[in-house]
Structures are given as structure tokens and as C-alpha cells.
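Small disclaimer: the values here were computed from a predicted structure and weren't measured.
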Amino acid sequence: QVQIVESGGGTVQPGGSLTLSCAASGSMTGFYVIAWYRQAPGKQRELVADISKFGTTNYKDPLKGRCTISRDNANNTVYLQMNSLKPEDTATYYCRYIGTVDSWGQGTQVTVSS
């Protein structure tokens with residue numbers, strides 16, 4: 001019912017910034033939350049941040065204090081602005097729609113390297 005497409009990944013230097021985009025489309029009915037996760041090779045997938053239908057935000061330890069999650073209601077897009085990036089932030093970042101249905105995007109790669 002809901003399609004998720006992530007974009008904005010790439011390679012940045014340590015201390016640099018990057019903004020990821022999550023474009024949602026489909027039948028977004030009822031209450032929902034859109035969340036960003038990340039997963040490095042061989043490691044567990046972890047929640048980074050999420051934002052509800054009403055704009056309530058939640059930040060978890062991996063990037064807490066170094067990211068901002070926001071919405072653009074005009075085009076159903078959620079952004080994850082990241083700064084002060086570290087090599088350990090290197091991972092595939094996934095966007096997830098959690099509501100009447102549960103949908104994951106394909107992920108976008110973020111590499112932090114000098």
C-alpha cells in the first residue's frame with residue numbers, strides 16, 4: 001500500500017554532513033510513523049530516528065545530537081539531516097513506514113571516510 005524510496009546517500013569525510021530523503025507514496029491512512037534505521041555489514045539493524053504523522057520526533061543514541069529528522073508534507077518526504085559524521089556511521093540507511101501496513105525502502109549507502 002505504501003512505497004518507500006530513499007535517496008541522498010554517498011561518501012563524505014569525517015566531520016562532514018549529509019541529508020537523506022525518504023519519499024513515501026500510496027495510501028497513508030490512519031496514524032503512522034516514518035523511521036530511519038541503519039545497518040552496517042555483519043551488525044544488527046538499529047533505529048536512528050523517527051517522526052510521526054503529527055510531527056512528533058524521536059532520536060536514538062546512534063546519531064542523537066548529530067541529526068535532525070523533519071517532514072515536507074507537500075510531497076510526503078521525510079529528511080534525515082546528519083552532521084559531524086564519523087567513520088562508524090558508515091552503513092546502509094533504511095526508511096520504514098509503520099502504520100496500517102509496514103513498508104521498508106531498499107536503503108541508501110552512507111560511507112564516511114577520509
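- Atom NZ of K53 sits about 15.0 Å away from atom CD1 of I98, to the nearest 0.5 Å.
- Side chain of Y94 to backbone of R45: no donor-acceptor contact under 3.5 angstrom is found.
- Smallest separation of non-hydrogen atoms from A91 and A40: CB-N, 3.8 Å.
- With sequence neighbours excluded, the residues forming a disulfide (SG to SG under 2.5 Å) with C22 are C95, listed by chain and number.
- For the residue pair I4 and A24, the shortest heavy atom distance occurs at CD1-CB, 3.8 Å.
- At distances below 3.5 Å, at least one donor-acceptor pair connects side-chain atoms of S52 with backbone N or O atoms of F54.
- Rounding to the nearest 0.5 Å places CG of L80 at 12.5 Å from CD1 of I34.
- Among residue pairs with one or both ends in residues 29-65, none qualify as disulfide bond (SG atoms under 2.5 Å apart); sequence neighbours excluded.
- Taking the six-membered ring for Trp and thresholds of 30 and 60 degrees, W104 and Y37 have ring planes inclined between 30 and 60 degrees apart.
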> For L47 and N58, what are the C-alpha separation, side-chain angles and deciding distance, and is it a side chain to side chain contact (heavy atoms under 4.5 Å, CB included)?
Replying inline: CA-CA 10 Å; L47 178 67; N58 178 47; 4.2 Å; yes
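- D50 has its side chain out of reach of T57: every pair of non-hydrogen atoms, C-beta onward, lies at least 4.5 Å apart.
- Paired with T92 under the rule side-chain hydrogen bond (donor to acceptor under 3.5 Å, both in side chains), one option of E6, Q109, Q39 passes, and it is Q109.
- Summarising the local packing, CD of Q13 is surrounded by 12 or fewer heavy atoms from other residues, nucleotides or ligands at distances under 6.0 Å.
- Scanning all heavy atoms of the two residues, the minimum distance from S84 to D89 falls at O-OD2, 4.5 Å.
- Taken to the nearest 0.5 Å, the OG1 atom of T68 stands 11.0 Å off from the CE atom of M82.
- The two residues P14 and S114 have their closest heavy-atom pair at CD-N, 3.6 Å.
- Without hydrogens or angle criteria, R66 side chain to Q81 main chain gives no donor-acceptor distance under 3.5 Å.
- At a threshold of 4.5 Å between non-hydrogen side-chain atoms, the residues K86 and V112 do not count as touching.
- Rounding to the nearest 0.5 Å places CZ of R71 at 11.5 Å from OG1 of T77.
- Put simply, the side chain of Q106 never gets that close to the backbone of V5: no donor and acceptor are under 3.5 Å apart.
- Within the 3.5 Å criterion, the main-chain N or O of Y93 finds no donor-acceptor partner in the side chain of T108.
- Here the CG-SG distance, from N83 to C67, works out to 8.0 Å after rounding to the nearest 0.5 Å.
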> Can V12 and T111 be said to form a side chain to side chain contact (heavy atoms under 4.5 Å, CB included), step by step?
Replying inline: CA-CA 6 Å; V12 297; T111 301; over 6 Å; no
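- Using a 4.5 Å cut-off between side-chain heavy atoms of Ile, Leu, Val, Met, Phe, Trp and Tyr, with links allowed through other members, V48 and I51 fall into the same hydrophobic cluster.
- In this structure the side chain of V78 never reaches within 4.5 angstrom of the side chain of L20, judged on heavy atoms.
- Distance CD1/I69 to CG/L63: 11.0 Å, rounded to 0.5 Å.
- The ring-ring contact (aromatic ring centres under 6.0 Å, His included) test with Y97 singles out one residue from F31, W36, Y32, and that residue is Y32.
- Y79 and V110 are assigned to two separate hydrophobic clusters, defined by single-linkage of ILVMFWY side chains at heavy-atom distances under 4.5 Å.
- Taking the side chain as every heavy atom from C-beta outward, N76 and M28 approach each other to under 4.5 Å.
- Between E46 and R38, at least one side-chain N (NZ, or NE/NH1/NH2) sits under 4.0 Å from a carboxylate O, which counts as a salt bridge.
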